[in-house]
Participant: 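Take a look at the following structure, please.
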2 protein chains.
Amino acid sequence: MGYLRIGQLSARTGINNETLRFYEARGLMSEPRRSEAGYRLYTEADVRKAEFIVRAKKMGFGLKDISELLSLRVEKESSTCGEVKDLAEAKLLEIEQKIEELQRMKGALEQITEACCGGQESAIHCTILNALDQIDDPAEVSARVAVRA
Amino acid sequence: MGYLRIGQLSARTGINNETLRFYEARGLMSEPRRSEAGYRLYTEADVRKAEFIVRAKKMGFGLKDISELLSLRVEKESSTCGEVKDLAEAKLLEIEQKIEELQRMKGALEQITEACCGGQESAIHCTILNALDQIDDPAEVSARVAVRA
DNA sequence: ACAAACCTTATACTTTACTACAGGGTTTAG
DNA sequence: CTAAACCCTGTAGTAAAGTATAAGGTTTGT
């Protein structure tokens, strides 16, 4: 019935056949059912797993991190619940830092696109490093806000 | 006076000497002044640049992306202002998508740490993939919020 | 003045994450 | 029934991003 072969999973996820087998070898994708002839048979759950891997990679996680994230699993009556929580909390912290950093960078890019094309004198802060410096400095930020208002 | 040699920049940024030279070869770090003997002499601006590279890498940008970000620079009276804006806006979109994805993931991890250690029946959603599925489904999210309130 | 600690270039090695064969079996459309 | 399109394992090759080493010059402390 609704099983996908490797080529179809590849088409659905944009991950190449070889790469899917590579992920399996690394323990990222779990070993799928096989057809009589030995073909891999994937489920919708595998599709979601593969899509998760793609997204996590875009966010800068390595395969090892992704593997850890995927293995986060609270088992009923598990004594490992504390460990799981610890790992999840560590990853949470990592993610929160990434978000903060990305938001700073977003601010800097917005400053470049908004403030830097137009005035003659404005070109002083018009590199990402200068824009970030401004964002670092609270006085400068409020000054900028005041000028704009 | 206040110049840093490569070892000192390395110590300040956590980037290894060889890697700094490698970044220079790739055009990420600009070619620094040299002492009479040919030693690289770095400025505080170089420190900030190096720190930016470290942070951008943590967020999942490759060296090529970082190079592009660093070269965003609105020159006074430049006709390239539109191009700069386009590139900045493309990166902005990329960053916004990363932030959204990270926030989804953050929600999923929070769900694991908060909701999954305790109750007996709760272990159903206690993998990151299940938690993400729940977050995808707006009905489930509001149900979860309602239960908590 | 001389050893330790530092710097130089150039080359080679390593790790991570793929990607591409080679050599063969299986499915499917005409 | 057979050719194209698909799949298998296994091995090898690649690209990106570092890291290490060799052979040598420079600075600094004593």
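Within every chain, numbering begins at 1; the chains are lettered A, B, ... in the order of the sequence lines, protein sequences first and strands thereafter.
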Participant: Quickly work out the A:Asn16 CG to C:dT19 P distance and round it to whole Å.
Facilitator: 6 Å

Participant: Does B:Arg34 place a side-chain N or O at less than 4.0 Å from the phosphate oxygens OP1/OP2 of C:dT9?
Facilitator: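 True: B:Arg34 side-chain N/O within range (under 4.0 Å) of C:dT9 OP1/OP2.
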
Participant: Do B:Glu24 and B:Arg21 meet the salt-bridge criterion of a basic N to acidic O distance under 4.0 Å?
Facilitator: no

Participant: Does any residue of residues 42-52 of chain A have a heavy atom under 4.0 Å from DNA chain D, and if so, which ones, in number order?
Facilitator: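 Heavy-atom contacts with DNA chain D come from no residue of residues 42-52 of chain A; none.
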
Participant: Before accepting this row, confirm whether a basic side-chain N of the pair A:Glu94/B:Lys58 lies closer than 4.0 Å to the acidic partner's carboxylate O.
Facilitator: no

Participant: Tell me whether the NZ or CZ atom of A:Lys98 lies within the 45° cone about the ring axis of A:Phe61 and under 6.0 Å from its centre.
Facilitator: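 Judged by the rule, A:Lys98 and A:Phe61 form a cation-pi pair.
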
Participant: Using whole Å, what does the distance between atom P of nucleotide C:dT15 and atom CZ of A:Phe22 come to?
Facilitator: 14 Å

Participant: State yes or no: do B:Leu93 and A:Ile128 share one hydrophobic cluster built from I, L, V, M, F, W and Y residues joined by side-chain heavy-atom distances below 4.5 Å, directly or via other members?
Facilitator: no

Participant: Take the protein atom CD of B:Glu18 and the nucleotide atom P of C:dC7, then report the distance between them rounded to whole Å.
Facilitator: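 So the CD-P distance, B:Glu18 to C:dC7, works out to 11 Å.
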
Participant: Taking the side chain as C-beta and beyond, is there a heavy-atom pair between B:Lys91 and A:Lys106 under 4.5 Å?
Facilitator: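 Sidechains of A:Lys106 and B:Lys91: no contact.
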
Participant: For the residue pair B:Arg34 and B:Tyr39, confirm or rule out a side-chain donor-acceptor distance under 3.5 Å.
Facilitator: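 Side-chain D/A pair, B:Arg34 to B:Tyr39: absent.
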
Participant: For the pair made of OH in A:Tyr3 and C1' in C:dT26, what is the distance, rounded to whole Å?
Facilitator: 19 Å

Participant: Between A:Tyr23 and C:dC18, is there a contact of a side-chain N or O with OP1 or OP2 at under 4.0 Å?
Facilitator: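 Answer is yes, contact under 4.0 Å.
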
Participant: Where each residue is assigned the nucleotide of DNA chain D containing its nearest heavy atom, which of B:Ser35 and B:Leu63 is assigned the position nearer the 5′ end?
Facilitator: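 The 5'-side residue here is B:Leu63.
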
Participant: What is the separation between atom NZ on B:Lys57 and atom P on C:dT16, rounded to the nearest whole Å?
Facilitator: 13 Å

Participant: Do B:Phe52 and B:Leu69 pass the side-chain contact (heavy atoms from CB on, under 4.5 Å) test, and can you show the C-alpha distance, the side-chain angles, and the key distance before you say yes or no?
Facilitator: CA-CA 10 Å; B:Phe52 175 80; B:Leu69 286 166; 4.2 Å; yes

Participant: Where do N or O atoms of nucleotides 2-6 of chain C meet protein N or O atoms at under 3.5 Å, pair by pair?
Facilitator:
unit_1, atom_1, unit_2, atom_2, d
C:dC6, O2, B:Tyr39, OH, 3.4

Participant: Scan side-chain atoms only and decide if B:Tyr3 and B:Arg33 contain a donor-acceptor pair under the 3.5 Å cut-off.
Facilitator: yes

Participant: Rounded to whole Å, please give me the gap between CG in A:Leu4 and C1' in D:dC7.
Facilitator: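 Nearest whole value for this atom pair: 15 Å.
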
Participant: Base, sugar-phosphate or nothing for B:Arg21? Non-hydrogen atoms, less than 4.0 Å.
Facilitator: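 Since a base atom lies under 4.0 Å of B:Arg21, the category is base.
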
Participant: Might you point out which heavy atoms bring A:Ile112 and B:Ala88 nearest each other, and give the distance in Å?
Facilitator: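 That would be CG2-CB, 4.5 Å.
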
Participant: Please state how far atom CG in B:Leu9 lies from atom C1' in C:dC7, giving the value in whole angstrom units.
Facilitator: 14 Å

Participant: Closest nucleotide of DNA chain D for B:Gly62 versus for B:Ala37: which of these residues is on the 5' side?
Facilitator: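 Closest to the 5' end, via its nearest nucleotide, is B:Gly62.
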
Participant: After noting the C-alpha distance and the side-chain angles of A:Glu51 and A:Arg48, does the key distance pass the salt bridge (Lys or Arg N to Asp or Glu O under 4.0 Å) rule?
Facilitator: CA-CA 5 Å; A:Glu51 281 167 348; A:Arg48 279 178 294 140; over 6 Å; no

Participant: Distance check: side-chain N/O of A:Arg40 vs OP1/OP2 of D:dT9, anything under 4.0 Å?
Facilitator: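 True: A:Arg40 side-chain N/O within range (under 4.0 Å) of D:dT9 OP1/OP2.
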
Participant: If you write DNA chain D from 5' to 3' in dot-bracket form, with Watson-Crick or G-U pairs under 3.5 Å, [ ] for crossing pairs and | for pairs with another strand, what do you get?
Facilitator: ||||||||||||||||||||||||||||||

Participant: Could you give me the CA-CA distance, side-chain angles and deciding distance for B:Glu44 and B:Arg12, then say whether salt bridge (Lys or Arg N to Asp or Glu O under 4.0 Å) is met?
Facilitator: CA-CA 10 Å; B:Glu44 287 300 317; B:Arg12 286 267 298 266; 2.8 Å; yes

Participant: Does B:Thr19 have a side-chain nitrogen or oxygen under 4.0 Å from the phosphate oxygens OP1 or OP2 of D:dA17?
Facilitator: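 For D:dA17, neither OP1 nor OP2 has a side-chain N or O of B:Thr19 closer than 4.0 Å.
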
Participant: Looking at every heavy atom in both A:Ile6 and A:Asn17, which two are closest together, and how far apart are they?
Facilitator: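 Looking at all heavy atoms of both residues, the shortest contact is CD1-O, 3.5 Å.
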
Participant: Given atom CD1 of A:Ile53 and atom C1' of C:dC18, what is their separation to the nearest angstrom?
Facilitator: 14 Å

